[in-house]
Amino acid sequence: MGFAQILALSALASMGTGDFLEGLPPPPGMERDGQVAVYPPERLWDYIDGAAELYIDYGVEETATVAFKRSRADLPEIVIDLHRMADPKGAFGLFSAEEIRGAEDAGLGSASIWTAGFLVFRKGRYYARVVSEVSKDSTIACVAALADRLPSEEESFPILDLFPADGRIASKDGYVARAFLGIRGFDDLWTASYADSTGEYRLILRGNRLPLREKDLEGVGRIASVPTDESPIQMIELPGDRALILFYVRKCYYLSGYYGRKPDAAMIKRIALWVDGLPKMP
């Protein structure tokens, strides 16, 4: 990398979220509605009260927002929120939490989805969320200018490579920062989604921890089995005939698990083979 490139990357790294939205060209026939507003985490409730905690859980450092409207309109027709997270993992996690049926790839940033009136994309540690009343083409053209401005950075998540490939729905890989399924302390985990003849299910990886306790569930479910040295498996029964099965293998770097309909013996065997192959401590 040349000296000029290093200087350019350093300049981008020092820019705030508001700097990327300043001067962003509006859709045709529109103008900016007011000034770019910038919110630190401690003031995020002033802007998105009710959802601020989610962004803070994923490590938001700063949020900026800009709106565009037609000159005689009373209300904005496109609003762009740009969130800078502490690292790309946070942006990946927020993006993976967006489950929209029928959404399509908008071709922006590292990953994006578009559905009528709504667009999100991530790039590096940045996560953008757009609400729009204008056409798909006009929205994407406006947001593409923002995506091009954002710096690129390493987005490798090696832990995802540990999930088995057979039956995997790669577009549904996820990261959960806090309280998976509402279980207290069950956080900082990665998930991969799968489909078979019985439907969809998820496999789980996180750093190895102690088994869950009844007080961690707080009414979410019921612990049906306790792990032992001979059978290091904990089953948690959940509403809707769902189950969470956790494998506490000694000297394994990872706690692994299954979430879905109560599995049969064949499923348990497949999961056990995967668990046996996970990296062990020396």
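The residues of the chain are indexed from 1 along the displayed sequence.
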query: In this structure, which one of Tyr127, Trp190, Phe121 forms a ring-ring contact (aromatic ring centres under 6.0 Å, His included) with Phe92?
result: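 For Phe92, the ring-ring contact (aromatic ring centres under 6.0 Å, His included) check succeeds only for Trp190.
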Any donor-acceptor N or O pair under 3.5 Å, side chains [X], [Y]:
X      : Y      : answer
Ser231 : Thr228 : no
Tyr248 : Gln234 : yes
Glu155 : Ser110 : yes
Asp188 : Tyr175 : yes
Thr198 : Asp196 : yes
Thr63  : Asp81  : no
Tyr47  : Thr65  : yes
Tyr126 : Glu153 : no
Ser193 : Glu200 : no

query: So, does Thr139 use its side chain to make a donor-acceptor pair with the main chain of Ser135 at under 3.5 Å?
result: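 Indeed, once roles are kept as given, a pair shorter than 3.5 Å links the two residues.
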Under 4.0 Å between a side-chain nitrogen and a carboxylate oxygen: does that hold for [X] and [Y]?
X      : Y      : answer
Arg270 : Asp166 : no
Arg84  : Glu61  : yes
Glu22  : Arg149 : no
Arg222 : Glu214 : no

- request: Report the residues that fulfil side-chain hydrogen bond (donor to acceptor under 3.5 Å, both in side chains) with Arg213, sequence neighbours left out, ordered by chain and then residue number.
  value: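 In terms of side-chain hydrogen bond (donor to acceptor under 3.5 Å, both in side chains), with neighbours along the sequence ignored, Arg213 is linked to Asp216.
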Hey, can you pull the donor-acceptor pairs under 3.5 Å for the side chains in residues 249-259, sequence neighbours left out?
from   : atom 1 : to     : atom 2 : distance (Å)
Arg250 : NH2    : Asp229 : OD1    : 3.2
Tyr258 : OH     : Arg261 : N      : 3.4
Tyr258 : OH     : Arg261 : O      : 2.5

- prompt: Under 4.5 Å between any side-chain heavy atoms of Tyr58 and His83, yes or no?
  reply: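 Result no, sub-4.5 Å side-chain heavy-atom pair not found.
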